[in-house]
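To start, the structure itself, in structure tokens.
A note on names: the letters A, B, ... follow the listed sequences, proteins ahead of strands, and every chain is numbered from 1.
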Amino acid sequence: MITLVPMKPRVRFAPSPTGYLHIGGARTALFNRLLALKTGGTFVLRIEDTDELRSTEESVQAIFDGLQWLGFNWDEGPIPSGGEKGPFGPYFQAARARKGIYQPYVDKLLAEGKAYKCYCTTEELDAMRRQAQLEKRPPRYDGRCRHLTAEQQAAFEAQGRKPVLRFRMPDDGATEFQDLIHGPLRFENKLLYDFIMVKASGYPTYNFACVIDDHLMEMTHIVRGDDHISNTPLQYQLYKALGWEPPIFAHLSMILGPDGTRLSKRHGHTGVQEYRKMGLLPEALTNYLALLGWSTTDSQQIFVPGELEQKFDISGCQKSPATFDPVKLNWMNGEYIRLLSKEQLLERALPYLQEAGVGTGVDKDLLCKIVALEQEKYKLLAEIPKLVDFFFLPEPVYDPKAVEKVLKKPEAPKVLEAMARRYAAVKDFNEVELEREARECAKELGFKAGQVFHPLRVSVSGRTEGPTLFRMLEYMGRDKVVKLLQKAAALCAA
RNA sequence: GGCCCGUUCGUCUAGCGGCCUAGGACGCUGCCCUCUCAAGGCAGAGACCACGGGUUCGAAUCCCGUACGGGCCGCCA
């Protein structure tokens, strides 16, 4: 008898290592993790590497890297540096298969007539599917090997055919279960099919290994993408055949690309690491991902650290799919960048500056101040280098449009000469003094402040937009500023 | 083709029978601030709640159809 003892939830993220960690996978991992964090439950990482052809070591590593970068720590599972943690290992399905973990259940099902050997070849199955398509029937396996006699089986074996093991699906009745997000779900058994449990290679298939492992690892909740809804009745029947109580299911809505189809490689950036390269903050990506298919009743957008797991609730999950919006993601990243202290910002920006070769060898304090100058403008860390590079070049790259618009003004040469003289002579080369000098100069020459400010900016940065002017000049230093002003004066006089 | 899931501003969403002349956020437009660009503040445009029937005194909210979209139907997961 099952007693409903209040127990700590056990949830898992179970990716297959056939590529990098993508956005959809990251969100599934996040929701599982949030559920565990909120309830004090356990978050398990299990690698579903039963596809001998497609699973790779690099993909396993990519999944580790992606999860670690996002800060999604798991309580049980493989340890990236080697080894495993947790009492239910191994956490790689291939290793579990090699250990014979699935075998007793195969034997049991076979002995009870709940599974059987199927000798159909891939070609035969393909032909069967094509034929079914032609006759507008569902392209499902028709169960032709269900009642093979011992002689027939022996004959196939004699031909050297390797059988697969299929699960014997009930012919009638219906499979019903509750889904935390979708409510009650019901499937007619006659529409289900005898899925393969064990491949000819001896490796288990997804639908089989998944059930065995979720049970053995004592999972209480299965939170996964709703592309698995159709698999669930199959798995449910397997639980029942083994006499096990199925876990609670929650199927998350899909993430769509801008064209309304499921987000995939052809939509461009779908790998978590690509977002890292672009300069997204993991906490911003996490926040954005949480809001794809989930929300609080007040539609809160930004969550401070720790708030997400506190407020997360499966009941806030959306049934309908959500379209991924990179524009909003970038906005959110900007919000997170603005939340950083100057020092934190530099720390985050450093890899991108180094990558671009900008600011190398510059005093760290100065670099910190320079980077912070435009903090409110950044949306992506990777765009920082090109916004600050002029600080570190011997002279700026002049934007032709800026030159045309500002330095070609008739008053520009006079202004710049005057300012070069003033800045060469000013006692304290600081923000306040520099602004005072500029305003004084404007008054003296009878110009508006802007007529002085704008040429100054273009002269030293080459562009019309940039950080607040006088602090920028202060950080550049007297020598460089005066030199550039003289040079620009000559340039526009010519 | 069958089965399953879904459908509120361009996008993410609030809403769970009367508080909705539908709220918030991104984006967009305008104004303010201002040394530029941003950021910030304010204002605005933007959804006949897919459509058609019911149920009800009353429906975005409940029921039934239709349409459209997505998913699955693999010795992939």
Show me, pair by pair, the donor-acceptor contacts under 3.5 angstrom made by side chains of residues 11-21 of chain A, not counting sequence neighbours?
| from | atom 1 | to | atom 2 | distance (Å) |
| --- | --- | --- | --- | --- |
| A:Arg12 | NH1 | A:Asp214 | OD1 | 2.8 |
| A:Arg12 | NH1 | A:Asp214 | OD2 | 2.5 |
| A:Tyr20 | OH | A:Thr270 | OG1 | 3.2 |

Notebook entry, point to check: How far does the P atom of B:G69 sit from the matching atom of B:A25, given to the nearest Å?
Noted result: 33 Å

Next item on the list: Nearest whole angstrom, please: distance from the P of B:C26 to the CD of A:Gln301.
Entry: 7 Å

Note to self: Just N and O in the side chain of A:Ser295: are any of them under 4.0 Å from OP1 or OP2 of B:A14?
What the structure shows: yes

Notebook entry, point to check: Within this structure, what is the NZ-to-P distance between A:Lys311 and B:A14, rounded to whole angstrom?
Noted result: 15 Å

Note to self: For B:C5 and A:His251 - does any side-chain N or O of the residue sit under 4.0 Å from the phosphate oxygens OP1/OP2?
What the structure shows: no

Note to self: Looking at A:Tyr141, I'd like to know if the NZ or CZ of A:Arg144 sits under 6.0 Å from its six-membered ring centre while staying within 45 degrees of the ring's axis.
What the structure shows: no

Next item on the list: To the nearest 0.5 Å, tell me how far A:Leu345 CG sits from A:Glu374 CD.
Entry: 11.0 Å

Show which side-chain atoms of residues 446-455 of chain A pair as donor or acceptor with protein atoms under 3.5 Å away, not counting sequence neighbours.
| from | atom 1 | to | atom 2 | distance (Å) |
| --- | --- | --- | --- | --- |
| A:Gln451 | OE1 | A:Lys448 | N | 2.7 |
| A:Gln451 | NE2 | A:Glu411 | OE2 | 3.3 |

Next item on the list: Please round to the nearest 0.5 Å and tell me the distance separating atom CG of A:Leu456 and atom SG of A:Cys441.
Entry: 8.0 Å

Item checked: Pairwise P distance for B:U29 and B:A45, with rounding to whole Å -> 16 Å

Margin query: Checking A:Gln153 against A:Lys117: is there a side-chain donor and acceptor pair closer than 3.5 Å?
Written below: no

Check: Rounded to whole angstrom units, what separation is found between the CG atom of A:Leu291 and the P atom of B:U11?
Finding: 16 Å

Next item on the list: Could you name each residue pair satisfying side-chain hydrogen bond (donor to acceptor under 3.5 Å, both in side chains) that touches residues 126-139 of chain A, not counting sequence neighbours?
Entry: A:Asp126-A:Arg129, A:Gln131-A:Glu135, A:Glu135-A:Arg137

Note to self: For a quick check, with a 4.0 angstrom heavy-atom cut-off, what is the B/S/- contact string for nucleotides 28-52 of chain B, read 5' to 3'?
What the structure shows: -------BBBBSS------------

Next item on the list: Output every pair passing salt bridge (charged side-chain N to carboxylate O under 4.0 Å, His left out) with a member in residues 278-300 of chain A, not counting sequence neighbours, ordered by first then second residue.
Entry: A:Glu283-A:Arg348

Next item on the list: Sugar-phosphate means primed atoms, P, OP1 and OP2; the rest is base. With that split, encode nucleotides 66-77 of chain B 5' to 3' as B, S or - using protein heavy atoms under 4.0 Å.
Entry: ----SBSBBBSB

Notebook entry, point to check: Nearest-Å distance, OH (A:Tyr336) to P (B:C26)?
Noted result: 14 Å

